[in-house]
2 protein chains.
Amino acid sequence: MTVSKAAEKSSEKPADTAKGRKDAAELQGQGAGEALQLGELSEQLGYVLKRAQLKVFENFLRCMASLQLTPAQFSVLLLVEKNPGRNQTEIASTLGILRPNFVAMLDNLESRDLCARIRSTNDRRSHILVLTDKGKAVLARAKKLVATKHEARLNELLGQANREALIAMLAKVANEF
Amino acid sequence: MTVSKAAEKSSEKPADTAKGRKDAAELQGQGAGEALQLGELSEQLGYVLKRAQLKVFENFLRCMASLQLTPAQFSVLLLVEKNPGRNQTEIASTLGILRPNFVAMLDNLESRDLCARIRSTNDRRSHILVLTDKGKAVLARAKKLVATKHEARLNELLGQANREALIAMLAKVANEF
DNA sequence: GATATTTGATATGGTCCATAACAATTATCA
DNA sequence: TGATAATTGTTATGGACCATATCAAATATC
């Protein structure tokens, strides 16, 4: 209701001048059926970055379908494996995950017996994170899937050297932009 | 409630074996205070892509603060300017926006008098999209801000050649992955 | 030992993304 | 032609992700 009113208003305010009406008439049936021109959009960093990221995540999820791991979950398992004995706050913050949002993530991983919270004896407020044996096994399989299906795809698309250059540049952007 | 129960269960199932208890004890106070090791994470395409994208969007929003344009809104204005006379479905779909979600976006742009919906005379179901004069002016200012603040930042970080190589590779990933 | 801080957790709200459904209009084709 | 199917913009709605405020328990600070 406010929507259609806004639409009426706007289509009559700026476009209903003499010039506006002529322009609108000329546009009727403009390039119907033809593909749209992306123009400057195809060189906008943010645009191409976002689209690439969506495609990569999509591919990742397909590769991981058998293990049911999202990119975020995979990153948690990787980080916990590399840094066993750290607490939730440390793991979450280095991944850019806010502590409240990390709770449900861990609940999920723990309910699947991939990860365990252990009450710390030094600081009984905090939970130390460890991969379970199953978690280690699943992560090992996940790494193989990523290497053979996911990264291999990027290699055949860009070549080894370009792939490394791309990741290095992205890391630089992520860290120093 | 199911949460704490799951936590108890998992922390006692895989980690409370003789070996599990010893490992947990050894981990207490592991590398406290030291920075975490990213390990293989820093070479995961998806991870570095996502973090770079967040940083770039963040920077974009800062550069555009005076114009109050999000990356998505900027892309809509760019595409409508390059392809005037196309309808909502065409613009939305080439941007990867679903039609239902595009409605509110247009309501916003139209309420700010940056964009106008014009009922098509050829097909009276569809709305033709056009930039208003104000929309063209705002977009022109936005382009300048992007060029001088946003892209310039990337140039001084990577250099002109690397910047172009990065965007080309990202485009390839976005299109062919 | 009183006060402040930290940790994990809950509740909650916002934004973005996806699907189903609807009225109006147009396309299809028997 | 006229009945049926498809399309367009729209609404409603639910899920995923992200951010803030708040809390109890434990610890740190002074």
Side-chain angles (χ1 to χ4, degrees), chain A residues 1-8 10-11 28-29 32-33 46 50-51 53-55 57-58 61 68 70-73 75-76 85-93 95-110 115-129, chain B residues 1-8 10-11 28-29 32-33 46 50-51 53-55 57-58 61 68 70-73 75-76 85-93 95-110 115-129:
Chain A
M1 9 203 91
T2 71
V3 166
S4 53
K5 267 190 289 186
E8 300 300 329
S10 294
S11 64
Q28 299 295 111
K50 180 71 179 182
R51 300 211 72 135
Q53 183 257 315
L54 289 174
K55 275 288 186 69
F57 271 41
E58 207 178 293
L61 288 173
Q68 286 282 75
T70 68
Q73 291 168 337
S75 71
V76 169
R86 300 303 193 117
N87 65 23
Q88 296 184 199
T89 298
E90 292 172 308
I91 297 292
S93 75
L95 289 176
I97 302 175
L98 294 173
R99 276 74 80 216
N101 300 328
F102 194 48
V103 174
M105 272 197 72
L106 274 186
D107 290 345
N108 182 335
L109 294 176
E110 208 174 28
C115 178
R117 299 185 237 223
I118 303 177
R119 180 135 262 132
S120 169
T121 56
N122 302 331
D123 183 343
R124 284 168 45 218
R125 291 169 297 184
S126 59
H127 290 164
I128 276 178
L129 298 183
Chain B
M1 4 205 104
T2 72
V3 165
S4 53
K5 267 188 290 185
E8 299 302 327
S10 294
S11 64
Q28 300 294 114
K50 179 71 179 182
R51 300 211 73 134
Q53 183 255 315
L54 289 174
K55 275 289 187 68
F57 271 41
E58 207 178 292
L61 287 173
Q68 287 283 74
T70 68
Q73 291 168 336
S75 70
V76 169
R86 300 302 192 118
N87 65 24
Q88 296 184 200
T89 298
E90 291 173 309
I91 297 292
S93 75
L95 288 175
I97 304 173
L98 294 172
R99 277 74 82 218
N101 300 329
F102 195 46
V103 174
M105 274 197 69
L106 274 186
D107 290 345
N108 181 336
L109 294 177
E110 208 174 27
C115 178
R117 298 186 238 223
I118 304 178
R119 180 136 261 132
S120 169
T121 56
N122 302 330
D123 184 342
R124 284 169 43 217
R125 289 171 299 185
S126 59
H127 289 163
I128 275 178
L129 298 183

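When reading the values below, keep in mind they use all heavy atoms of this one structure, side chains included, and skip hydrogens, waters and symmetry mates. Because the structure is predicted, anything quoted here is derived from the model rather than measured. To find a chain, count down the sequence lines: A is the first, B the second, and so on, and within it residues start at 1.
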Okay, side chain of A:Glu110, backbone of A:Arg117: is any donor-acceptor separation there less than 3.5 Å?
yes
Here's a test of your reading of the structure: between A:Pro100 and A:Arg125, which maps to the more 5' nucleotide of DNA chain D?
A:Pro100
Looking at the side chain of A:Val103, which of D:dG9, C:dA9, C:dC17 is the nearest nucleotide?
C:dA9
Quick check for you: among D:dA19, C:dC17, D:dA26, whose closest atom lies nearest to any side-chain atom of A:Leu98?
D:dA19
Specify the separation, in whole Å, of atom CG of B:Leu109 and atom P of D:dG9.
15 Å
Sorted by position of nearest nucleotide on DNA chain D, 5' first, the leading residue of B:Asp123 and A:Gly96 is B:Asp123
Identify the heavy atoms of A:Phe57 and A:Pro71 that sit nearest to each other, and give their distance.
CD2-CG, 3.7 Å
For the side chain of B:Arg119 and the backbone of B:Arg124, is there at least one donor-acceptor N/O pair under 3.5 Å apart?
yes
Under 4.0 Å, counting only non-hydrogen atoms across every strand here, what does B:Arg99 touch: a base, just sugar-phosphate, or nothing?
base
When the nearest nucleotide of DNA chain C is assigned to B:Thr121 and to A:Lys50 on a heavy-atom basis, which residue is associated with the more 5' position?
A:Lys50
Figure out the NE2/C1' separation between A:His127 and D:dA25, and round it to whole Å.
11 Å
Heavy atoms of A:Ala72 and A:Ser75 approach each other most closely as O-OG, 2.6 Å
Of all the nucleotides listed (D:dT10, C:dC17, C:dA9), which has the minimum atom distance to the side chain of A:Gln88?
C:dA9
Starting at CG of A:Asn87 and ending at C1' of D:dT27, how long is that distance when rounded to a whole Å?
13 Å
Would you say a side-chain N or O of A:Thr89 is under 4.0 Å from OP1 or OP2 of C:dG8?
yes
Give the rounded distance in Å between these two atoms: CG of A:Asn122 and C1' of C:dT7.
14 Å
Over how many whole Å does the gap from B:Phe57 atom CZ to D:dC17 atom P extend?
17 Å
Looking at B:Arg99 and B:Ala92, what are the two nearest heavy atoms and their distance?
CD-CB, 4.5 Å
What is the separation between atom CZ on A:Phe102 and atom P on C:dT6, rounded to the nearest whole Å?
19 Å
Starting from C1' on C:dT19, measure out to CD1 on B:Ile97 and report it in whole angstrom.
17 Å
May I have the distance from A:Leu54 (atom CG) to D:dA16 (atom P), rounded to whole angstrom?
17 Å
